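Structure, as structure tokens:
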Amino acid sequence: MDTPPEGTLTTSSLYLMLPRQDMAFFDNLMESYGGLACIRTLDGKRGIVRLQIPTGLHRETLQVLEGIGRDIPFTVLTELPPDLRDSTE
């Protein structure tokens with residue numbers, strides 16, 4: 001496996017589906033953790049978002065998501081719908 005150039009931030013992706021009406025609240029909650037993960041909406045109608053999580057912050061992000069999940073129901077997607085697979089680049 002190639003090592004990224006020094007100073008390059010590496011991330012992993014986590015895909016979630018949550019209720020449309022909770023998307024803005026979810027985004028605000030995640031942003032309040034400054035730098036924990038970047039959020040990109042992939043499909044607003046279906047409530048599908050991608051979290052880009054910096055290497056080394058995966059565990060912390062999962063802990064935050066566990067807490068958020070008490071207020072906002074979400075599903076971790078193991079596979080994206082076929083029509084969204086190209087939009088994740």
Side-chain angles (χ1 to χ4, degrees):
M1 186 169 152
D2 293 331
T3 304
E6 188 174 330
T8 300
L9 179 65
T10 57
T11 62
S12 60
S13 294
L14 184 64
Y15 301 94
L16 306 176
M17 184 167 34
L18 54 140
R20 288 177 50 200
Q21 68 270 16
D22 292 326
M23 289 180 70
F25 182 50
F26 179 83
D27 185 53
N28 287 332
L29 283 173
M30 290 303 295
E31 284 184 12
S32 73
Y33 287 92
L36 190 61
C38 293
I39 301 170
R40 178 174 175 213
T41 300
L42 300 180
D43 187 325
K45 289 183 180 181
R46 290 185 279 184
I48 299 174
V49 298
R50 176 179 68 184
L51 300 181
Q52 287 294 119
I53 305 166
T55 302
L57 292 178
H58 198 81
R59 182 178 306 181
E60 290 86 347
T61 301
L62 293 179
Q63 289 172 340
V64 167
L65 289 173
E66 183 178 328
I68 290 173
R70 294 183 195 118
D71 296 315
I72 300 174
F74 63 84
T75 302
V76 176
L77 301 177
T78 56
E79 188 173 294
L80 284 175
D83 61 311
L84 293 181
R85 291 184 187 147
D86 290 336
S87 68
T88 62
E89 297 175 7

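Predicted model only: the values in this text are computed from it and were never measured.
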Inspect the surroundings of CD in Glu66 and state if more than 12 heavy atoms from other residues, nucleotides or ligands are less than 6.0 Å away.
no

What are the two closest heavy atoms between Arg20 and Lys45, and how far apart are they?
CD-O, 2.7 Å

Hydrophobic cluster identity match, Leu14 and Phe74, side-chain contacts under 4.5 Å
yes

Rounded to the nearest 0.5 angstrom, the CE-CD1 distance for Met23 and Ile72 is 10.5 Å

Under a 4.5 Å cut-off applied to non-hydrogen side-chain atoms, are Ile48 and Pro81 in contact?
yes

Could you check Ile68 against Met30 for side-chain contact (heavy atoms from CB on, under 4.5 Å), going step by step and ending with a plain yes or no?
CA-CA 9 Å; Ile68 290 173; Met30 290 303 295; 3.5 Å; yes

Which heavy atom of Gly35 sits nearest to which heavy atom of Pro54, and what is that distance?
O-CG, 3.8 Å

Does the Thr10 side chain pair with the main chain of Thr55, one donor and one acceptor, at a distance under 3.5 Å?
no

If you measure from OG1 on Thr11 to CG on Leu57, what distance do you get to the nearest 0.5 Å?
11.0 Å

Out of curiosity, does Leu77 fall in the hydrophobic cluster containing Phe26 (side-chain heavy atoms, cut-off under 4.5 Å, transitive links)?
no

Please tell me if the side chains of Arg46 and Asp83 come closer than 4.5 Å, counting only heavy atoms from C-beta onward.
yes

With hydrophobic residues grouped by side-chain heavy-atom distances under 4.5 Å, do Ile39 and Leu36 end up in a single group?
yes

Is Leu18 linked to Val64 within one hydrophobic cluster, defined over Ile, Leu, Val, Met, Phe, Trp and Tyr using a side-chain heavy-atom separation of less than 4.5 Å?
yes

Consider side-chain contact (heavy atoms from CB on, under 4.5 Å). Of Val76, Val49, Leu42, Thr75, which one does Tyr15 pass it with?
Leu42

Go through the steps for Asp71 and Leu29 under the test side-chain contact (heavy atoms from CB on, under 4.5 Å), then give the verdict.
CA-CA 11 Å; Asp71 296 315; Leu29 283 173; 5.9 Å; no

Supply the atom-to-atom distance Asp27 CG to Leu51 CG, rounded to the nearest 0.5 angstrom.
9.5 Å

Mind listing the closest non-hydrogen atom pair of Ile53 and Ala37 along with its distance?
CG1-CB, 4.1 Å

